[in-house]
Each structure stands twice: as structure tokens, then as C-alpha cells.
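Structure, as C-alpha cells:
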Amino acid sequence: MATTAPATRPANPRFSSGPCAKPPTHTLDALADAPLGRSHRAAEGKSKLKQAIEDTREILGVPADYKIGIVPASDTGAYEMAMWSLLGERHAEMVAWESFGAGWVTDVAKQLKIEHTVHTADYGQIVDMAALNYDHDVCFTWNGTTSGVRMPNGDAIPADRAGLTLCDATSSAFAMDLPWDKLDVTTFSWQKVLGGEAAHGMLILSPRAVARLESYTPVWPLPKIFRLTKGGKLIEGIFVGETINTPSMLAVEDYLFSLNWARSVGGLQGLIGRAEANARAVWDFCDQHDWIDNLAVDPVTRSTTSVCLKFTDGRITDGAAFAKAVAKRLADENVALDIGAYRDAPPGLRIWCGGTVETADIQAMLPWLAHAFETEIAAG
Ligand SMILES: Cc1ncc(COP(=O)(O)O)c(C=O)c1O
């Protein structure tokens, strides 16, 4: 039987997994200091870009001897730049448990065509990271945004590995602890956990990744947009804010705003706590209802940002149509926008729980999810 509609609505119905909700205090007026119509190579622009790098280092706790660069084309740009610049020197271990990791496998298998081994797990599962050969280069995604499965920690990665680890941390940076000593390349985009703008990516390199860049030249050509070295030396300017090509200074200002907000909620630990509280509210809801469950099979691998859910009610005959109808009801009511599962993932819902989302909004939205479920079953 259909229930009555809940009395309260979330103040912010934005639960998209990217671009993600802006910080709760965000306004366009707060970006008034952006040096618009000015060269990004003028002193003011350069100092904003440098600030973005320094604030990123401070909040994420990136070691002083790691390089941080702002690069074009978002996370995809950052990760592919790293793969194209570093891989090929040795065998690659390609690890995927959902769509984005699978995309990096395709890059290596079909584009770079280097020697590699593929390790995959189905949606909801994770690859056994202890079974990999870390004398090879290892490419993996820390948090599978489309499956809601994440690495619980980096314990399986040996400190004394001979290969490099390339970590796509798009939906984990600023929400989960990343063990920098285990990561040689880390990438993410602004549009994710801090709710920044699209199109800009971050590339973080360990000293060993820099050493590889300076000692190895791939056999394939590299477009200018991917080039991190010149004459066999790292282009140091990229890592102090002299970007390869023109960035959006409005997006930079917006990222600086988000970083400041992150500081105001307690920095990385504050952000981790906010994501955990949000995810916990959704997990509790799943525990209280026997018709919905986490896609992640092992609770220790459950994502605290991209929480992916599946409907488990036996009365549902067409899972994809049902999930779509529930997501549409919630969007039509303006209580939850963009929460349908990713197009390549199993049918269900995906609720973004990163730190820019308020727990009160998750709590106000969940009774609407129950209402939409009951209404759709009754309509069925
Ligand atoms: C794990 C992961 N990798 C890569 C991407 C692609 O990011 P972008 O569109 O910022 O390049 C995403 C986007 O959702 C992602 O979640």
C-alpha cells in the first residue's frame, strides 16, 4: 500500500555523483575575486594557481617531496597523461571492478597495446590487491564510483615495490585516507568530492614517478597536452601553477573557495567524518528496510561517497525500469536529483554522500525514497 508523502524535504536535493553538490555555503558572489579577463600567467593568476596547489597539499596531507600539478581535461586528462607518459617501461597490472577502471584497461589493451595482465571483479566485488605483482606497474581506482566499492586501505601495496602504482582517486580524494607512500601517481578532478567545476584535473607524483618520467621515454608520440618533460627533465613549472594551457580562472576561484570551506569543516578528517555520517545514514536505512541493499558485498569495501544500492524486492520484475521510475519520482518531487545508477552499472540507485552533502538532507530524503518505493510497488 502506498504511504503518504513525507512532510519535510531536503533543503538541497543535489545527490549527483558528479558534478557533485557545491559546499553548503557556496554562492556565486563568493567568487568575485576571480581575476577574470586577465592572463593566467600574470602575477595574480599565477599566485591563485599556486595557492590551489598549496592548499591541496595542506588539506590532503601530500608529502613535501611529491609534485602536484593542475592539468587539463579533468581526471580523465590527468590519468591518461600519467598512463601515456609512464607506462610501457615494464609489464602493467590493470585492475578494474567497475566502469572507470575498465576504461583504463581498454586504454592499455587497445590503445597503448603494452604487455599487461587484467584483474577484474564484478560490480559489488573487489579485486584481491594482495595477489598483484608490484614489480609491475599497477593501475587501479581507489573508489569505484559506479559500483560503490572502495579499497578499505592500501595495506596490500608493498612499500618496497619496483613498479609504480597509478591510482585514480577521483571519488576518494577529500573523502578517504589515501596512503601517499603507497601511491606513485594519484589523480582526481575538481568536480567531485569538493563540488568544484569540471574540466580541471590534479596530478600528484611521487619522487619515484618523477624519476621514471626523467629516465624513460615512451615509444609512442605524446601530444603537447600530455607532455610533462622537456629534454628529459620534468617541466617544474606545471607543479607551481604554470599550467600547460589556459585554465578557467573562475573554476580556480571556485576550487579555492571549496578548499577554504574544507578547512572550515576540519580539513581532511572533517570531510571524511561528514562522508561517513552521510553513508552511515543510508546504510542504516538499508538495514531497516528489507527491499534495498548495498551493491557492495563486503561491508569493509563499502564506499562512503558513491553509495550504490540495489532493490531486492521479489515483486520487482523489471529491475532497470523500476529503479528508473523510483529515481524519476524523486527527481519530479525535487527531493533527489540524479540518483539513478550509472549507465553501465547494475540497475539501482547511487546516492552521493561526499562531504559537501549535509547529513540532514540525506535524512530528509530517505523517507521519500521509501515513499517512492511503496508508490511504485503499488502502481506495479
Ligand atoms: C573513478 C572515476 N574516474 C574517472 C572519472 C572521470 O572523471 P572526469 O569526467 O572528471 O574526467 C570519474 C567520474 O565520475 C570517476 O568517478
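In each ligand, atom 1 is the first atom listed, and ligand 1 is the first ligand listed. All figures in this text were calculated on a predicted structure; none of them were measured in a lab.
Contact atoms of ligand 1 toward Thr141: 1 (C) (distance under 4.0 Å to a heavy atom of the residue). Within ligand 1, the atoms closer than 4.0 Å to a non-hydrogen atom of Ser189 are 10 (O), numbered from 1 in the order shown.
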Report task. Applying salt bridge (Lys or Arg N to Asp or Glu O under 4.0 Å), run through Asp361 and Arg14 and close with a yes or a no. Result -> CA-CA 9 Å; Asp361 286 339; Arg14 291 176 175 82; over 6 Å; no
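Thr145 OG1, 2.4 Å is the protein heavy atom nearest to atom 16 (O) of ligand 1. Of all protein heavy atoms, the one closest to atom 11 (O) of ligand 1 is Thr76 OG1, 2.5 Å. Here the heavy atom of the protein found nearest to atom 4 (C) of ligand 1 is Asp75 OD2, 3.1 Å.
The existence of a salt bridge linking Arg263 and Glu58 is confirmed by a sub-4.0 Å separation between a basic side-chain nitrogen and an acidic carboxylate oxygen.
Relative to atom 3 (N) of ligand 1, the option among Thr305, Thr187, Asp168 with the closest non-hydrogen atom is Asp168.
Of the polar atoms of Ser74, at least one N or O is found under 3.5 Å from an N or O of ligand 1, judged by distance alone. At least one N or O atom of Gln191 sits closer than 3.5 Å to an N or O atom of ligand 1.
Looking at Tyr79, its side chain never comes within 3.5 Å of a backbone N or O of Val185 through a donor-acceptor pair.
Every pair passing ring pair (Phe, Tyr, Trp, His ring centres under 6.0 Å) that includes a residue from residues 249-285 is listed here, sequence neighbours excluded: His26-Phe257, Trp190-Tyr255, Phe285-His289, Phe285-Trp291.
Taking the side chain as every heavy atom from C-beta outward, Glu242 and Glu236 never approach each other to under 4.5 Å.
Using 4.0 Å as the threshold, Lys192 has a heavy atom nearer than that to some atom of ligand 1.
Checked against side-chain contact (heavy atoms from CB on, under 4.5 Å), Ser248 has the following partners two or more places apart in sequence or in another chain: His200, Leu250, Ala251.
Rounding to the nearest 0.5 Å places CG of Leu309 at 6.0 Å from CG of Asn294.
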